[in-house]
Amino acid sequence: ELKVEQNPLFLSMQEGKNYTIYCNYSTTSDRLYWYRQDPGKSLESLFVLLSNGAVKQEGRLMASLDTKARLSTLHITAAVHDLSATYFCAVDWDSNYQLIWGAGTKLIIKP
Amino acid sequence: AAGVIQSPRHLIKEKRETATLKCYPIPRHDTVYWYQQGPGQDPQFLISFYEKMQSDKGSIPDRFSAQQFSDYHSELNMSSLELGDSALYFCASSLTRGSYEQYFGPGTRLTVT
């Protein structure tokens, strides 16, 4: 059974600080996704990581994937209030295209 | 650019009633996925369709059924509604099964009273 674990589940930080969210998964998968969700809103795709060593950056967010360690990280640089949201990682199997989700990390960035 | 359309956006039903949620995928997308997200929870995969056929099945209750029509839109039918069915229901579409990017609709918020 594929399991996806995120930590931390809740993160409160000050603007300007850096932090990292971790996503571990339990079985082999070559595709990992990061989504952002604002309260009561839809899921916005941030990154799709398709191979070992993949690194993608968009603004203050950078995601990486280590398939051997079954670990992805989402790094936030010099956080700003607008990044406050819940961030989910999700994984799918090669033979099964349903996404299995982490529990989400609720990020609050204080001015 | 066209996005995934879901209707209705909000729905209030009473226990034991039925509900039908609709999803219109992005044009040329032939694969549709349904997810349920309870308050404060992560999305749970329910079911998916590829080329009008059910392709994968997740934690969809027997009281729920779904189908994909010839124009690729999909409907999720929910019967004998229970209080625990109150949730956000998301539909996502992808270009084809195996295409790695899923695009999510705005969701339907179902409240069962």
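Letters A, B, ... are given to chains in the order of the sequence lines, protein chains preceding strands, and every chain is numbered from 1.
- Considering only heavy-atom pairs separated by less than 4.5 Å from chain A, the leading option among G105(B), A92(B), P39(B), G40(B) is G105(B).
- Ring centroids of F88(A) and Y35(A) are separated by 6.0 Å or more, keeping the two rings apart.
- Contacts with chain A were tallied for S48(B), P43(B), P106(B), G107(B); P43(B) has the most, counting heavy-atom pairs under 4.5 Å.
- Neither the backbone nor the side chain of Q6(B) has a heavy atom closer than 4.5 Å to any heavy atom of chain A.
- In summary, the aromatic rings of Y33(B) and F90(B) are positioned with their centroids too far apart to meet the 6.0 Å limit.
- Ring centroids of Y103(B) and H29(B) are separated by less than 6.0 Å, placing the two rings close together.
- Around NZ of K13(B), the count of heavy atoms belonging to other residues, nucleotides or ligands within 6.0 Å exceeds 12.
- With a 4.5 Å cut-off on non-hydrogen atoms, Q37(A) touches chain B through its side chain but not through its backbone.
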